[in-house]
Amino acid sequence: MSYELKGKRVWVAGHRGMVGGAVVRRLESEDCEVITAGREVVDLVDQKAVHDWMAKAKPDVVILAAAKVGGIQANNIYPVDFLYDNLMIEANIVHASHKADVERLLFLGSSCIYPKHAPQPIPEAALLTGPLEPTNEWYAIAKIAGIKLVQAYCKQYGRDWISVMPTNLYGPGDNYDLETSHVLPALLRKFHEAKKRGDKEVVIWGSGTPLREFLHCDDLADAVVFLLRKYSGYEHVNVGSGVEVSIRELAETIAEVVDYQADLTFDTSKPDGTPRKLMDSSRLHSMGWDHSISLKDGIRHAYSKFSIKTDNQQ
Ligand code: GFB
């Protein structure tokens, strides 16, 4: 199967986010027309607004990178935002894409869709085989619903749409708010600010023992274009680096990149979340794709682009 992007109108929903921005950058080297629409143009939670906008824009391809995202604490504190907003965004865009007869749609989820104690590395078949991690079950259920929604349109209407499940992502344009961000950007900022202030310690949430797999957003964007072109299948596809580190090791690596040594203080009043979520990406590798940015090089690149976007810059 090979779908050509040449001459196509490609809507990157969520273009201002880290993932959407990486996909827009990656599409610059493709001979296609990239369409974007900020929330001031169309509110993706509003069904009528999305249908009206889509009827006019009529893209050939939709990359669904728009979502309410956040780290472990944000997921734990704002379950409505993570469940309701993400359900509305995906339902509105997927149904409007059907009405606009969109040829290819790629839905982006997350590795948190898998059971808390799934076998490691986690194969795609592990989906719905056990209880979820409580801190992010809201986001996970929304993303599982998105996978099922895409499958429903493939089954009932013969759509050739796909779902992609990336591991924990990082990179330029990430959210660096210390309360709502993911661990990698949070620790980059914490070490950066500790260095500026000369702090003797950096506080790490949890025990430092959980393991996490990380992938640079530019690698994900390349996998998105690869799969848009090559993959036509009912089941979702894992996109990981296959490399996992403990939170403590991550902090030590970030200290090296920022070039600042501080004492690590572990705040065990904060949740560890799921102990591991290393994905099995062998299905993607068997199609001929693998990541190219190592974790240390990726952290160096992210730090070189480090800037703290305030909410109104989103
Ligand atoms: O990246 P993170 O917030 O989310 O946390 P998850 C990963 C691990 O890093 C947890 C620890 O064990 C945190 O306790 N950690 C240590 C920190 N220091 C910090 C810190 O300063 N900030 C943060 N945020 N964590 C998310 C899901 O789970 O994974 C999302 O909640 C999404 O929905 C995302 O699926 C990919 O990796 O635990």
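Just so you know, these numbers come straight off a predicted model, no measurement behind them. Every number for a ligand or one of its atoms is a count from 1 in the order of the listing.
With a 4.0 Å cut-off on non-hydrogen atoms, Tyr139 touches ligand 1 through its side chain and not its backbone.
Separation of atoms CG (Leu250) and CG (Leu184) is listed at 5.0 Å; rounding is to 0.5 Å.
Taking every non-hydrogen atom of Gly71 and a distance limit under 4.0 Å, the qualifying atoms of ligand 1 come out as 3 (O), 31 (O). Those atoms of ligand 1 with a heavy atom of Arg212 less than 4.0 angstrom away are 6 (P), 7 (C), 37 (O), 38 (O). Taking every non-hydrogen atom of Ser110 and a distance limit under 4.0 Å, the qualifying atoms of ligand 1 come out as 32 (C), 35 (O), 36 (C). Residue Asp272 approaches ligand 1 through these ligand atoms, each under 4.0 Å from one of its heavy atoms: 10 (C), 12 (O).
Annotation: cation-pi pair Arg104/Tyr3 present, NZ/CZ under 6.0 Å from the ring centroid and within 45° of its normal.
Within the set Glu213, His182, Lys270, the minimum heavy-atom distance to atom 32 (C) of ligand 1 is found for His182. The residue from Asn168, Thr268, Asn76 that puts a heavy atom closest to atom 36 (C) of ligand 1 is Asn168.
Heavy atoms of Gln73 come nearer than 4.0 angstrom to ligand 1 in no pair at all. Ligand 1 has Gly70 within reach: a non-hydrogen atom of the residue lies less than 4.0 Å from it. By the 4.0 Å heavy-atom criterion, Lys190 is counted among the residues contacting ligand 1. Residue-ligand proximity: Lys277 is placed with a non-hydrogen atom under 4.0 Å from ligand 1. Within the 4.0 Å heavy-atom shell around ligand 1 one does not find Thr135.
Across Val62, Val150, Val50, a single residue satisfies side chain to side chain contact (heavy atoms under 4.5 Å, CB included) together with Ser97, and that is Val62. When the options Glu244, His117, Glu213 are evaluated for a side-chain hydrogen bond (donor to acceptor under 3.5 Å, both in side chains) with Arg276, the one that passes is Glu244. With Tyr114 as reference, Glu124 is the one residue of Gln120, Glu124, Lys277 to meet the side chain to side chain contact (heavy atoms under 4.5 Å, CB included) rule.
Between Arg25 and Asp222 there is no salt bridge, since no side-chain nitrogen of the basic residue lies less than 4.0 Å from a carboxylate oxygen of the acidic one.
Nearest heavy atom pair, residue Ile147 against residue Phe107, reads N-CE2, 3.6 Å.
Checked by distance only, ligand 1 and Ile72 come closer than 3.5 Å through their nitrogen or oxygen atoms. Taking only nitrogen or oxygen atoms, main chain and side chain alike, Ala186 does not reach within less than 3.5 Å of ligand 1. The distance criterion of under 3.5 Å between nitrogen or oxygen atoms is met by Pro271 with respect to ligand 1. Note: no N/O pair closer than 3.5 Å links Ser111 and ligand 1 by distance alone.
Between Trp11 and Trp53, the ring planes lie tilted relative to each other; the angle falls in the 30° to 60° range.
For Tyr153 and His95, the side-chain atoms include at least one donor-acceptor pair closer than 3.5 Å.
Judged by distance alone, with hydrogens and angles left aside, the side-chain atoms of Gln151 form a donor-acceptor pair with the main-chain N or O of Tyr234 at under 3.5 Å.
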